[in-house]
Amino acid sequence: MSYLTRAATESRSTDLGLGFGVPGYAHPLLAPLEWGGLTRPGTPLRWVALNVADGPGTRPDPHCLEAAGRLRNGGVRVLGHLDVTYGARPFGELVSEARRYLDWYRVDGFLLDRCPTERTALPEIRRTAAALRGLLGGGHLVLGHGTHPYPGYVETGDQLVTFAGPWGDYRWSQVAEWTAEYPPERFCHFVHSVPRRHLDEALRVARWQGASTIYFTDRTDQGGSVDPWASLPGYWDDIVSRIGTGVSE
């Protein structure tokens with residue numbers, strides 16, 4: 001099984017409590033079923049990212065206010081989506097967007113999407129993270145690398161997205177050995193284009209690689225032209241029931 005490494009296999013337990021991190025559905029007007037389904041009792045949600053208009057927008061959106069309020073009232077973390085653009089976004093822009101998210105939607109933290117991975121970019125991400133925690137008075141920060149970053153990033157975010165991509169890459173992926181030093185709740189995997197027949201295998205990969213926050217979908221990115229996370233997976237009820245009943249391998 002090429003998604004395992006010796007060090008990771010020896011240090012991982014397969015008895016992990018999996019839960020969902022939702023990278024961000026389309027606007028509630030375009031995806032009412034998606035947002036409504038998140039508040040169903042028994043859905044194992046860790047957090048949901050809110051992306052109003054490539055950020056918080058220019059004014060409070062009543063539909064997003066309602067959707068975020070329902071989630072927060074249900075005890076689910078709502079994270080503001082901030083596009084770091086691999087370190088190209090100015091610090092001031094990110095903090096300004098974060099303030100709007102916090103003032104308008106009372107977010108519990110932030111997903112820093114397209115977060116850089118290089119060691120040289122780490123000081124600026126640390127600076128940004130410190131500013132965001134100052135605004136939040138703590139909060140929850142997810143660094144959306146999409147691949148394994150320089151290990152120092154793990155001390156900056158509460159969680160790291162160490163895989164984001166298609167099933168064809170995920171099923172043969174290998175976990176970085178340094179991740180074995182940290183608990184599974186520190187890592188997230190987002191995988192699109194996962195056929196229903198491969199759900200059990202995908203869950204095994206996540207468990208063996210030590211990521212306890214996941215989002216799997218059968219939606220595809222159509223060669224990068226479509227957001228695969230914008231709509232609900234066709235097998236949402238199926239995967240919720242598998243995780244909710246404590247699937248183990």
Undergrad: List the steps, then state whether side-chain contact (heavy atoms from CB on, under 4.5 Å) holds for Thr39 with Leu71.
TA: CA-CA 6 Å; Thr39 56; Leu71 288 169; 4.0 Å; yes
Undergrad: When Phe20 is tested against each of Trp236, Phe216, Trp229 for ring-ring contact (aromatic ring centres under 6.0 Å, His included), which residue passes?
TA: Trp236
Undergrad: Is there a donor-acceptor contact under 3.5 Å from the side chain of Tyr105 to the main chain of Gly80?
TA: no
Undergrad: Is a side-chain donor or acceptor of Glu34 paired with a backbone partner of Leu232 at a separation under 3.5 angstrom?
TA: yes
Undergrad: State, with a plain yes or no, whether a side-chain heavy atom of Pro116 is found less than 4.5 Å away from one of Val84.
TA: yes
Undergrad: Got His148 and Thr179 here, is their nearest side-chain heavy-atom distance under 4.5 Å?
TA: yes
Undergrad: List the steps, then state whether salt bridge (charged side-chain N to carboxylate O under 4.0 Å, His left out) holds for Asp238 with Arg196.
TA: CA-CA 9 Å; Asp238 189 4; Arg196 183 189 296 266; 3.2 Å; yes
Undergrad: Flag yes if Val48 and Leu30 sit in one hydrophobic cluster, no otherwise; membership is Ile, Leu, Val, Met, Phe, Trp, Tyr, and two members link when side-chain heavy atoms are under 4.5 Å apart.
TA: no
Undergrad: Counting only heavy atoms from other residues, nucleotides and ligands, does the tally under 6.0 Å from CZ of Arg77 exceed 12?
TA: no
Undergrad: Strictly distance-based, threshold 3.5 Å: is any side-chain N or O of Arg100 a donor or acceptor partner for the main-chain N or O of Gly57?
TA: yes
Undergrad: Carefully, step by step, assess Leu38 and Leu45 under the rule side-chain contact (heavy atoms from CB on, under 4.5 Å).
TA: CA-CA 8 Å; Leu38 292 175; Leu45 285 174; 4.0 Å; yes
Undergrad: In the structure I gave you, are the side-chain heavy atoms of His192 and Thr217 within less than 4.5 Å of one another anywhere?
TA: yes
Undergrad: Going by an N to O cut-off under 4.0 Å, is there a salt bridge joining Asp200 and Arg242?
TA: yes
Undergrad: Can you find a side-chain donor-acceptor pair between His140 and Asp108 that sits under 3.5 Å?
TA: no
Undergrad: Could you grab the distance from atom OG1 of Thr128 to atom CZ of Arg126, nearest 0.5 Å is fine?
TA: 12.5 Å
Undergrad: Do Val226 and Val194 share a hydrophobic cluster (ILVMFWY, side-chain heavy atoms under 4.5 Å, transitive)?
TA: no
Undergrad: Over 60° means perpendicular and under 30° means parallel, so classify the ring planes of Tyr153 and Tyr150, tilted if in between.
TA: perpendicular
Undergrad: Will you find, in the side chains of Thr213 and Arg46, an N or O donor that is under 3.5 Å from an N or O acceptor?
TA: yes
Undergrad: Do His63 and Glu66 pair up side chain to side chain, a donor and an acceptor below 3.5 Å, judged on atom types alone?
TA: no
Undergrad: How far apart are the closest heavy atoms of Leu135 and Ala98, and which atoms are they?
TA: CD1-CB, 4.0 Å
Undergrad: Once the angle between the rings of Phe163 and Tyr170 is folded into 0 to 90°, is it parallel (under 30°), tilted (30 to 60°) or perpendicular (over 60°)?
TA: tilted
Undergrad: Report the C-alpha separation of His198 and Trp167 in whole Å, then their side-chain angles, then the decisive distance to 0.1 Å, and conclude whether the ring pair (Phe, Tyr, Trp, His ring centres under 6.0 Å) test is met.
TA: CA-CA 9 Å; His198 288 299; Trp167 166 242; 5.5 Å; yes
Undergrad: Same hydrophobic cluster for Leu33 and Val22, using side-chain heavy-atom links shorter than 4.5 Å among ILVMFWY?
TA: no
Undergrad: Is it true that a side-chain atom of Trp35 and a backbone atom of Ala26 form a donor plus acceptor pair closer than 3.5 Å?
TA: yes
Undergrad: Any side-chain heavy-atom pair from Pro44 and Ile243 closer than 4.5 angstrom?
TA: yes
Undergrad: Quick one: closest heavy-atom pair of Val78 and Ala68, and the distance?
TA: CG2-O, 3.9 Å
Undergrad: Taking the basic N atoms (NZ, or NE/NH1/NH2) and the acidic carboxylate oxygens, is any pair closer than 4.0 Å for Arg204 and Glu201?
TA: no
Undergrad: Looking only at heavy atoms, what is the nearest atom pair of Pro56 and Trp104, with distance?
TA: O-CZ3, 3.7 Å
Undergrad: Is Tyr101 reaching over with its side chain to a backbone N or O of Leu50, donor-acceptor style, under 3.5 angstrom?
TA: yes
Undergrad: Would you name the heavy atoms of Ile125 and Cys115 that are closest together and state the gap between them?
TA: CD1-SG, 4.1 Å
Undergrad: Tell me whether Phe110 shares a hydrophobic cluster with Phe91, the cluster being built from Ile, Leu, Val, Met, Phe, Trp, Tyr side chains joined at under 4.5 Å.
TA: yes
Undergrad: Whether the Ser173 and Gln209 side chains hold a donor-acceptor pair (N or O, under 3.5 Å, no angle test) is what I'd like checked.
TA: yes
Undergrad: Just how far is it from atom CG of Leu112 to atom CG of Leu132, taken to the nearest 0.5 Å?
TA: 6.0 Å
Undergrad: Is Thr162 reaching over with its side chain to a backbone N or O of Thr147, donor-acceptor style, under 3.5 angstrom?
TA: no
Undergrad: Contact between Val191 and Pro166 at the side-chain level, heavy atoms closer than 4.5 Å - yes or no?
TA: no
Undergrad: Is it the case that the side chain of Glu124 and the backbone of Gly87 share a donor-acceptor pair, with hydrogens and angles ignored and the cut-off at 3.5 Å?
TA: no
Undergrad: Are side-chain N/O atoms of Asp61 and His27 paired as donor and acceptor at under 3.5 Å?
TA: yes
Undergrad: Could you grab the distance from atom CZ of Arg219 to atom OG of Ser231, nearest 0.5 Å is fine?
TA: 4.5 Å
Undergrad: Taking the side chain as C-beta and beyond, is there a heavy-atom pair between Cys188 and Tyr215 under 4.5 Å?
TA: no
Undergrad: Could you tell me which non-hydrogen atom of Thr156 sits nearest to which non-hydrogen atom of Ala129, and how far apart they are?
TA: CG2-CB, 3.5 Å
Undergrad: Determine yes or no for a side-chain-to-main-chain donor-acceptor pair under 3.5 angstrom, with Tyr182 supplying the side chain and Phe187 the backbone.
TA: no
Undergrad: Would you please name every residue forming a salt bridge (Lys or Arg N to Asp or Glu O under 4.0 Å) with Asp169, sequence neighbours left out?
TA: none
Undergrad: Any salt bridge linking Arg133 with Asp158? Criterion: basic side-chain nitrogen under 4.0 Å from a carboxylate oxygen.
TA: yes
Undergrad: Between Arg72 and Arg106 (side chain of the first, backbone of the second, donor and acceptor by atom type, cut-off under 3.5 Å), is there such a pair?
TA: yes
Undergrad: Hydrophobic cluster membership, with links at side-chain heavy-atom distances under 4.5 Å among I/L/V/M/F/W/Y: are Phe190 and Tyr86 in one?
TA: no
Undergrad: Do Arg40 and Asp237 come within less than 4.5 Å of each other through their side chains, counting heavy atoms only?
TA: yes
Undergrad: Show, in sequence, the C-alpha distance, side-chain angles and deciding distance for Leu143 and Gln159, and conclude whether the side-chain contact (heavy atoms from CB on, under 4.5 Å) test is met.
TA: CA-CA 6 Å; Leu143 305 186; Gln159 291 185 300; over 6 Å; no
Undergrad: Using the salt bridge (Lys or Arg N to Asp or Glu O under 4.0 Å) criterion, which residues pair with Asp83? Sequence neighbours excluded.
TA: Arg114
Undergrad: Of all the heavy-atom pairs spanning His189 and Ala206, show the shortest one and how long it is.
TA: ND1-CA, 4.2 Å
Undergrad: Quick one: do Asp113 and Leu82 satisfy side-chain contact (heavy atoms from CB on, under 4.5 Å)? Show the steps, please.
TA: CA-CA 6 Å; Asp113 197 15; Leu82 296 174; over 6 Å; no
